[in-house]
> 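Sharing a structure with you now.
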There are 2 protein chains.
Amino acid sequence: MTSTAPTAATPEDLLRGAGLRVTAARVAALHAVGDQQHATADDVLSSVRAELGTVSVQAVYDVLHALTGADLLRRIEPAGHPARYERRTGDNHHHVVCRRCGAIGDVDCSVGHAPCLTPSDDHGFVVETAEVTYWGLCPDCSA
Amino acid sequence: MTSTAPTAATPEDLLRGAGLRVTAARVAALHAVGDQQHATADDVLSSVRAELGTVSVQAVYDVLHALTGADLLRRIEPAGHPARYERRTGDNHHHVVCRRCGAIGDVDCSVGHAPCLTPSDDHGFVVETAEVTYWGLCPDCSA
DNA sequence: CCCTAAACTGGAATGATTCCAGTTGAGGTC
DNA sequence: GACCTCAACTGGAATCATTCCAGTTTAGGG
(Lines give C-alpha, C1' and ligand atoms only; values in the text may rest on other atoms or scores of the structure.)
Protein backbone atom coordinates (compact mmCIF):
# COMPACT_ATOMS: atom_id res chain seq x y z
CA MET A 1 0.00 0.00 0.00
CA THR A 2 3.01 2.31 0.24
CA SER A 3 3.35 3.16 -3.40
CA THR A 4 0.34 3.09 -5.67
CA ALA A 5 2.07 4.23 -8.85
CA PRO A 6 2.25 1.20 -11.15
CA THR A 7 5.36 1.62 -13.25
CA ALA A 8 5.53 5.38 -13.72
CA ALA A 9 7.53 5.93 -10.52
CA THR A 10 11.24 6.38 -11.12
CA PRO A 11 13.71 4.01 -9.48
CA GLU A 12 14.79 6.91 -7.27
CA ASP A 13 11.25 7.48 -6.05
CA LEU A 14 10.73 3.80 -5.45
CA LEU A 15 13.87 3.60 -3.37
CA ARG A 16 13.04 6.66 -1.31
CA GLY A 17 9.48 5.44 -0.90
CA ALA A 18 10.84 2.22 0.53
CA GLY A 19 13.13 4.09 2.90
CA LEU A 20 16.26 2.91 1.12
CA ARG A 21 19.27 5.00 0.24
CA VAL A 22 19.46 6.03 -3.36
CA THR A 23 22.69 4.65 -4.75
CA ALA A 24 23.90 4.30 -8.31
CA ALA A 25 24.03 0.53 -8.04
CA ARG A 26 20.44 0.26 -6.83
CA VAL A 27 19.10 2.57 -9.48
CA ALA A 28 21.00 0.71 -12.16
CA ALA A 29 19.76 -2.63 -10.84
CA LEU A 30 16.14 -1.47 -11.00
CA HIS A 31 16.73 -0.32 -14.57
CA ALA A 32 18.29 -3.64 -15.42
CA VAL A 33 15.42 -5.73 -14.10
CA GLY A 34 12.95 -3.31 -15.65
CA ASP A 35 14.57 -3.77 -19.06
CA GLN A 36 14.94 -7.50 -18.75
CA GLN A 37 12.24 -9.11 -16.67
CA HIS A 38 13.30 -12.32 -14.93
CA ALA A 39 16.97 -11.35 -15.01
CA THR A 40 19.52 -13.44 -13.15
CA ALA A 41 21.99 -11.92 -10.70
CA ASP A 42 24.56 -12.31 -13.43
CA ASP A 43 22.40 -10.50 -15.96
CA VAL A 44 21.97 -7.68 -13.49
CA LEU A 45 25.70 -7.60 -12.83
CA SER A 46 26.41 -7.22 -16.54
CA SER A 47 23.80 -4.51 -17.01
CA VAL A 48 24.94 -2.59 -14.00
CA ARG A 49 28.56 -2.79 -15.06
CA ALA A 50 27.64 -1.65 -18.56
CA GLU A 51 25.96 1.36 -17.00
CA LEU A 52 28.37 2.20 -14.20
CA GLY A 53 31.72 0.65 -14.97
CA THR A 54 33.29 -1.35 -12.18
CA VAL A 55 30.84 -2.86 -9.72
CA SER A 56 31.61 -5.74 -7.39
CA VAL A 57 29.73 -9.00 -7.47
CA GLN A 58 28.92 -8.54 -3.83
CA ALA A 59 27.37 -5.14 -4.44
CA VAL A 60 24.89 -6.64 -6.87
CA TYR A 61 23.92 -9.39 -4.44
CA ASP A 62 23.58 -6.82 -1.66
CA VAL A 63 21.42 -4.64 -3.87
CA LEU A 64 19.24 -7.53 -4.95
CA HIS A 65 18.74 -8.54 -1.34
CA ALA A 66 17.88 -5.04 -0.28
CA LEU A 67 15.43 -4.57 -3.13
CA THR A 68 13.86 -7.96 -2.55
CA GLY A 69 13.53 -7.21 1.16
CA ALA A 70 11.83 -3.93 0.37
CA ASP A 71 9.43 -5.61 -2.05
CA LEU A 72 10.72 -3.66 -4.99
CA LEU A 73 11.84 -6.91 -6.56
CA ARG A 74 10.64 -10.45 -6.27
CA ARG A 75 13.03 -13.32 -6.30
CA ILE A 76 12.20 -16.50 -8.18
CA GLU A 77 14.27 -19.59 -7.61
CA PRO A 78 13.49 -22.37 -10.05
CA ALA A 79 14.99 -25.71 -9.10
CA GLY A 80 18.22 -26.31 -10.95
CA HIS A 81 18.53 -22.78 -12.25
CA PRO A 82 20.07 -19.63 -10.79
CA ALA A 83 17.65 -17.23 -9.12
CA ARG A 84 15.85 -14.65 -11.20
CA TYR A 85 14.37 -11.31 -10.29
CA GLU A 86 11.27 -9.52 -11.47
CA ARG A 87 9.61 -6.19 -10.76
CA ARG A 88 6.05 -7.48 -10.58
CA THR A 89 5.60 -7.78 -6.84
CA GLY A 90 2.69 -7.89 -4.47
CA ASP A 91 0.34 -9.83 -6.70
CA ASN A 92 0.45 -13.56 -6.29
CA HIS A 93 1.24 -14.61 -9.81
CA HIS A 94 3.06 -17.74 -10.85
CA HIS A 95 5.59 -18.86 -13.46
CA VAL A 96 6.19 -21.19 -16.36
CA VAL A 97 9.78 -22.33 -16.41
CA CYS A 98 11.61 -23.91 -19.31
CA ARG A 99 13.27 -27.11 -18.17
CA ARG A 100 16.06 -26.73 -20.64
CA CYS A 101 17.07 -23.07 -20.76
CA GLY A 102 15.42 -21.71 -17.64
CA ALA A 103 13.38 -19.09 -19.50
CA ILE A 104 10.46 -17.81 -17.47
CA GLY A 105 6.99 -16.52 -18.26
CA ASP A 106 4.42 -14.98 -15.93
CA VAL A 107 1.18 -16.82 -15.32
CA ASP A 108 -1.84 -15.60 -13.43
CA CYS A 109 -3.47 -18.23 -11.28
CA SER A 110 -6.07 -19.92 -13.43
CA VAL A 111 -8.37 -20.89 -10.61
CA GLY A 112 -8.30 -17.37 -9.29
CA HIS A 113 -6.68 -17.57 -5.91
CA ALA A 114 -7.91 -19.38 -2.84
CA PRO A 115 -7.96 -23.03 -3.88
CA CYS A 116 -4.30 -23.13 -4.79
CA LEU A 117 -3.46 -21.50 -1.52
CA THR A 118 -5.03 -23.88 0.94
CA PRO A 119 -3.43 -27.24 1.44
CA SER A 120 -5.81 -30.06 2.33
CA ASP A 121 -3.65 -31.12 5.25
CA ASP A 122 -1.03 -28.74 6.55
CA HIS A 123 0.71 -31.20 8.92
CA GLY A 124 0.67 -28.52 11.59
CA PHE A 125 2.67 -26.14 9.44
CA VAL A 126 1.82 -22.45 9.53
CA VAL A 127 1.42 -21.88 5.82
CA GLU A 128 2.18 -18.38 4.55
CA THR A 129 2.25 -18.64 0.78
CA ALA A 130 1.64 -21.03 -2.04
CA GLU A 131 3.82 -21.07 -5.08
CA VAL A 132 2.87 -22.68 -8.36
CA THR A 133 5.50 -23.52 -10.94
CA TYR A 134 4.64 -24.86 -14.36
CA TRP A 135 7.44 -26.84 -15.94
CA GLY A 136 7.81 -27.37 -19.64
CA LEU A 137 9.68 -26.16 -22.69
CA CYS A 138 9.74 -22.63 -24.00
CA PRO A 139 8.89 -21.97 -27.66
CA ASP A 140 12.58 -21.90 -28.62
CA CYS A 141 13.53 -25.11 -26.82
CA SER A 142 10.49 -27.10 -27.94
CA ALA A 143 11.49 -26.61 -31.58
CA MET B 1 2.36 -49.07 -14.91
CA THR B 2 5.36 -51.35 -14.55
CA SER B 3 5.01 -52.24 -10.91
CA THR B 4 1.64 -52.29 -9.22
CA ALA B 5 2.79 -53.38 -5.77
CA PRO B 6 2.38 -50.41 -3.43
CA THR B 7 5.02 -50.68 -0.73
CA ALA B 8 5.24 -54.41 -0.18
CA ALA B 9 7.79 -54.94 -2.94
CA THR B 10 11.36 -55.26 -1.71
CA PRO B 11 13.99 -52.82 -2.92
CA GLU B 12 15.51 -55.67 -4.89
CA ASP B 13 12.25 -56.36 -6.69
CA LEU B 14 11.72 -52.69 -7.38
CA LEU B 15 15.17 -52.40 -8.91
CA ARG B 16 14.78 -55.49 -11.07
CA GLY B 17 11.31 -54.37 -12.07
CA ALA B 18 12.77 -51.12 -13.27
CA GLY B 19 15.48 -52.91 -15.21
CA LEU B 20 18.23 -51.64 -12.96
CA ARG B 21 21.12 -53.63 -11.61
CA VAL B 22 20.75 -54.65 -8.01
CA THR B 23 23.67 -53.18 -6.10
CA ALA B 24 24.25 -52.79 -2.40
CA ALA B 25 24.32 -49.02 -2.66
CA ARG B 26 20.97 -48.87 -4.45
CA VAL B 27 19.27 -51.22 -2.04
CA ALA B 28 20.65 -49.29 0.91
CA ALA B 29 19.54 -45.98 -0.61
CA LEU B 30 15.99 -47.28 -1.05
CA HIS B 31 16.00 -48.40 2.56
CA ALA B 32 17.31 -45.02 3.65
CA VAL B 33 14.62 -43.04 1.86
CA GLY B 34 12.01 -45.52 2.99
CA ASP B 35 13.01 -45.02 6.61
CA GLN B 36 13.34 -41.30 6.35
CA GLN B 37 10.97 -39.76 3.85
CA HIS B 38 12.22 -36.51 2.30
CA ALA B 39 15.84 -37.37 3.00
CA THR B 40 18.60 -35.20 1.58
CA ALA B 41 21.49 -36.64 -0.42
CA ASP B 42 23.55 -36.18 2.69
CA ASP B 43 21.05 -38.05 4.85
CA VAL B 44 21.12 -40.88 2.36
CA LEU B 45 24.90 -40.85 2.31
CA SER B 46 25.00 -41.20 6.10
CA SER B 47 22.43 -43.98 6.14
CA VAL B 48 24.12 -45.88 3.36
CA ARG B 49 27.50 -45.56 5.03
CA ALA B 50 26.04 -46.72 8.32
CA GLU B 51 24.74 -49.78 6.50
CA LEU B 52 27.61 -50.55 4.16
CA GLY B 53 30.72 -48.89 5.49
CA THR B 54 32.67 -46.85 2.97
CA VAL B 55 30.62 -45.43 0.13
CA SER B 56 31.69 -42.53 -2.04
CA VAL B 57 29.73 -39.31 -2.30
CA GLN B 58 29.56 -39.81 -6.02
CA ALA B 59 28.03 -43.26 -5.65
CA VAL B 60 25.14 -41.83 -3.69
CA TYR B 61 24.51 -39.12 -6.26
CA ASP B 62 24.70 -41.69 -9.04
CA VAL B 63 22.28 -43.95 -7.21
CA LEU B 64 19.85 -41.12 -6.52
CA HIS B 65 19.95 -40.11 -10.18
CA ALA B 66 19.38 -43.65 -11.35
CA LEU B 67 16.49 -44.20 -8.96
CA THR B 68 14.95 -40.86 -9.80
CA GLY B 69 15.26 -41.61 -13.50
CA ALA B 70 13.55 -44.96 -12.99
CA ASP B 71 10.74 -43.33 -11.02
CA LEU B 72 11.57 -45.25 -7.88
CA LEU B 73 12.33 -41.97 -6.18
CA ARG B 74 11.09 -38.47 -6.68
CA ARG B 75 13.36 -35.51 -6.26
CA ILE B 76 12.13 -32.37 -4.56
CA GLU B 77 14.18 -29.24 -4.81
CA PRO B 78 12.91 -26.49 -2.55
CA ALA B 79 14.45 -23.09 -3.25
CA GLY B 80 17.29 -22.37 -0.87
CA HIS B 81 17.50 -25.92 0.46
CA PRO B 82 19.37 -29.00 -0.70
CA ALA B 83 17.32 -31.47 -2.74
CA ARG B 84 15.28 -34.12 -0.98
CA TYR B 85 14.08 -37.49 -2.11
CA GLU B 86 10.86 -39.38 -1.45
CA ARG B 87 9.44 -42.76 -2.41
CA ARG B 88 5.94 -41.58 -3.19
CA THR B 89 6.11 -41.29 -6.95
CA GLY B 90 3.63 -41.29 -9.75
CA ASP B 91 0.89 -39.40 -7.97
CA ASN B 92 0.98 -35.69 -8.37
CA HIS B 93 1.10 -34.59 -4.77
CA HIS B 94 2.63 -31.42 -3.45
CA HIS B 95 4.66 -30.21 -0.48
CA VAL B 96 4.68 -27.88 2.48
CA VAL B 97 8.20 -26.63 3.11
CA CYS B 98 9.46 -25.00 6.28
CA ARG B 99 11.19 -21.76 5.42
CA ARG B 100 13.55 -22.05 8.34
CA CYS B 101 14.62 -25.67 8.63
CA GLY B 102 13.56 -27.08 5.28
CA ALA B 103 11.31 -29.77 6.79
CA ILE B 104 8.81 -31.12 4.30
CA GLY B 105 5.29 -32.52 4.50
CA ASP B 106 3.21 -34.15 1.79
CA VAL B 107 0.06 -32.41 0.63
CA ASP B 108 -2.56 -33.73 -1.71
CA CYS B 109 -3.90 -31.16 -4.11
CA SER B 110 -6.91 -29.61 -2.42
CA VAL B 111 -8.73 -28.72 -5.61
CA GLY B 112 -8.29 -32.22 -6.87
CA HIS B 113 -6.14 -31.95 -9.91
CA ALA B 114 -6.86 -30.20 -13.18
CA PRO B 115 -7.23 -26.55 -12.17
CA CYS B 116 -3.78 -26.32 -10.66
CA LEU B 117 -2.33 -27.86 -13.74
CA THR B 118 -3.53 -25.54 -16.43
CA PRO B 119 -1.97 -22.12 -16.69
CA SER B 120 -4.27 -19.37 -17.95
CA ASP B 121 -1.68 -18.22 -20.47
CA ASP B 122 1.19 -20.50 -21.32
CA HIS B 123 3.23 -17.98 -23.37
CA GLY B 124 3.72 -20.64 -26.01
CA PHE B 125 5.41 -22.96 -23.54
CA VAL B 126 4.72 -26.68 -23.80
CA VAL B 127 3.71 -27.29 -20.20
CA GLU B 128 4.33 -30.76 -18.81
CA THR B 129 3.76 -30.52 -15.10
CA ALA B 130 2.64 -28.15 -12.41
CA GLU B 131 4.27 -28.07 -9.05
CA VAL B 132 2.73 -26.50 -5.98
CA THR B 133 4.85 -25.58 -2.99
CA TYR B 134 3.40 -24.27 0.23
CA TRP B 135 5.84 -22.19 2.24
CA GLY B 136 5.56 -21.67 5.95
CA LEU B 137 6.94 -22.80 9.27
CA CYS B 138 6.87 -26.34 10.61
CA PRO B 139 5.43 -27.03 14.06
CA ASP B 140 8.91 -26.97 15.63
CA CYS B 141 10.06 -23.74 13.99
CA SER B 142 6.81 -21.84 14.58
CA ALA B 143 7.19 -22.30 18.34
C1' DC C 1 33.50 -69.02 -15.23
C1' DC C 2 34.42 -65.00 -18.08
C1' DC C 3 33.71 -60.64 -20.12
C1' DT C 4 31.90 -56.16 -20.72
C1' DA C 5 29.23 -52.41 -19.84
C1' DA C 6 27.52 -50.35 -15.89
C1' DA C 7 28.54 -48.96 -11.27
C1' DC C 8 31.77 -47.28 -7.91
C1' DT C 9 36.15 -44.78 -5.89
C1' DG C 10 38.42 -40.61 -4.60
C1' DG C 11 39.89 -36.36 -5.62
C1' DA C 12 39.50 -32.12 -8.08
C1' DA C 13 36.34 -28.68 -10.26
C1' DT C 14 32.16 -25.99 -10.80
C1' DG C 15 28.87 -22.26 -10.09
C1' DA C 16 25.85 -19.62 -7.42
C1' DT C 17 26.03 -17.39 -3.42
C1' DT C 18 27.90 -15.72 1.00
C1' DC C 19 31.42 -14.29 4.45
C1' DC C 20 34.91 -11.15 5.83
C1' DA C 21 37.75 -6.97 6.83
C1' DG C 22 38.67 -2.77 5.15
C1' DT C 23 37.15 1.56 2.31
C1' DT C 24 33.78 4.74 0.36
C1' DG C 25 29.80 7.64 0.18
C1' DA C 26 24.62 9.10 1.14
C1' DG C 27 22.33 12.12 3.50
C1' DG C 28 21.14 14.06 8.16
C1' DT C 29 23.37 17.62 11.33
C1' DC C 30 25.41 21.95 12.61
C1' DG D 1 28.79 23.99 2.76
C1' DA D 2 31.79 20.95 5.73
C1' DC D 3 31.39 17.04 8.83
C1' DC D 4 30.14 12.64 10.68
C1' DT D 5 28.27 8.17 10.93
C1' DC D 6 26.40 4.08 9.51
C1' DA D 7 24.94 1.87 5.52
C1' DA D 8 26.75 0.53 1.20
C1' DC D 9 30.55 -1.04 -1.59
C1' DT D 10 35.28 -3.38 -2.81
C1' DG D 11 37.86 -7.49 -3.67
C1' DG D 12 39.25 -11.69 -2.43
C1' DA D 13 38.58 -15.96 -0.10
C1' DA D 14 35.22 -19.46 1.51
C1' DT D 15 31.03 -22.34 1.39
C1' DC D 16 27.94 -25.87 -0.10
C1' DA D 17 25.55 -28.91 -3.06
C1' DT D 18 26.52 -31.04 -6.93
C1' DT D 19 29.15 -32.63 -11.02
C1' DC D 20 33.24 -33.97 -13.76
C1' DC D 21 37.02 -37.01 -14.47
C1' DA D 22 40.13 -41.12 -14.92
C1' DG D 23 40.86 -45.27 -13.12
C1' DT D 24 38.97 -49.65 -10.65
C1' DT D 25 35.44 -52.93 -9.37
C1' DT D 26 31.37 -55.78 -10.05
C1' DA D 27 26.63 -57.45 -11.63
C1' DG D 28 24.81 -60.59 -14.39
C1' DG D 29 24.21 -62.28 -19.44
C1' DG D 30 26.83 -65.48 -22.54
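Please read all numbers here as calculations on a predicted model, not as lab measurements. Quick note on labels: first sequence line is chain A, next is B, and so on, each numbered from 1.
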> Do the side-chain N or O atoms of Y61(B) get closer than 4.0 angstrom to the phosphate oxygens (OP1, OP2) of dT18(D)?
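Answer is yes, contact under 4.0 Å.
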
> Quick one: L20(A) CG to dC9(D) C1', roughly how many Å, whole number?
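It works out to 15 Å between those atoms.
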
> Answer with base, sugar-phosphate or nothing: what part of the nucleic acid does R75(B) contact at a heavy-atom distance below 4.0 Å?
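Sugar-phosphate contact only.
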
> Starting at the 5' end of DNA chain D, which residue's closest nucleotide do you reach first, P82(B) or T54(A)?
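It is T54(A), whose closest nucleotide lies nearer the 5' terminus.
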
> When we call it a touch if two heavy atoms are under 4.0 Å apart, what does A66(A) touch: a base, just sugar-phosphate, or nothing?
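Nothing, no nucleic acid heavy atom in range.
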
> Working to the nearest 0.5 Å, report the span between CD of Q58(A) and NE2 of H65(A).
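Q58(A) atom CD to H65(A) atom NE2 measures 8.5 Å (nearest 0.5 Å).
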
> Output the distance between atom SG (C138(A)) and atom CZ (R99(A)), rounded to the nearest 0.5 Å.
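Here the rounded value is 12.5 Å.
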
> Short question: side chain of H123(B), backbone of D106(A) - any donor-acceptor pair under 3.5 Å?
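Side chain of H123(B) to backbone of D106(A): a pair is present.
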
> Nearest whole Å is fine: how far is dG27(C) P from R16(A) CZ?
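That distance rounds to 7 Å.
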
> Name the closest nucleotide to the D62(B) side chain, picking from dT17(C), dC8(C), dT10(D).
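Out of dT17(C), dC8(C), dT10(D), the nucleotide with an atom closest to D62(B)'s side chain is dC8(C).
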
> Roughly how many Å is it from CG in D43(B) to P in dT18(D), rounded to a whole number?
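Rounded to the whole Å, the gap is 11 Å.
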
> Over how many whole Å does the gap from L52(B) atom CG to dT26(D) atom C1' extend?
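My rounded result for the distance is 14 Å.
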
> Counting only side-chain nitrogens and oxygens, does H65(A) get under 4.0 Å of the OP1 or OP2 atom of dA8(D)?
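No, outside the criterion.
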
> Looking at dG27(C), dC8(C), dT17(C), which one has an atom nearest to any side-chain atom of A25(B)?
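Of all the options, the side chain of A25(B) is nearest to dC8(C).
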
> Provide, to the nearest angstrom, the distance between the CD atom belonging to Q58(B) and the P atom belonging to dG10(C).
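Roughly 12 Å, once rounded to whole Å.
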
> Roughly, in whole Å, what's the span from CG in L64(B) to P in dA17(D)?
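Distance check: L64(B) CG to dA17(D) P gives 14 Å.
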
> Round to the nearest Å and state the distance from R26(B) atom CZ to dT26(D) atom C1'.
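Roughly 12 Å, once rounded to whole Å.
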
> Has the side chain of T89(B) got a donor or acceptor atom that lies under 3.5 Å from a matching backbone atom of L72(B)?
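No, because the side chain of T89(B) does not come within donor-acceptor range (under 3.5 Å) of the backbone of L72(B).
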
> Please report, rounded to the nearest Å, how far the C1' atom of dA7(D) is from the CG atom of L15(A).
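The answer, rounded to whole Å, is 14 Å.
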
> Report the distance from atom CG of D62(B) to atom OG1 of T23(B), rounding to the nearest 0.5 Å.
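Result: 10.0 Å between the selected atoms.
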
> When you measure from the side-chain N and O atoms of T23(A) to the phosphate of dC9(D), is any distance below 4.0 Å, counting only OP1 and OP2?
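The answer is yes; a side-chain N or O of T23(A) sits under 4.0 Å from OP1 or OP2.
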
> Identify whether any heavy atom of R84(B) sits under 4.0 Å from a base atom; if not, whether one sits that close to sugar-phosphate; answer base, sugar-phosphate or nothing.
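Since no nucleic acid heavy atom lies under 4.0 Å of R84(B), the category is nothing.
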
> With heavy atoms under 4.0 Å as the rule, sort T40(B) into base, sugar-phosphate or nothing.
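Answer is nothing: T40(B) stays at 4.0 Å or more from every strand.
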
> Taking the side chain of R21(B) as heavy atoms from C-beta outward, which of dA27(D), dG11(D), dA17(D) is closest to it?
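Nearest listed nucleotide: dA27(D).
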
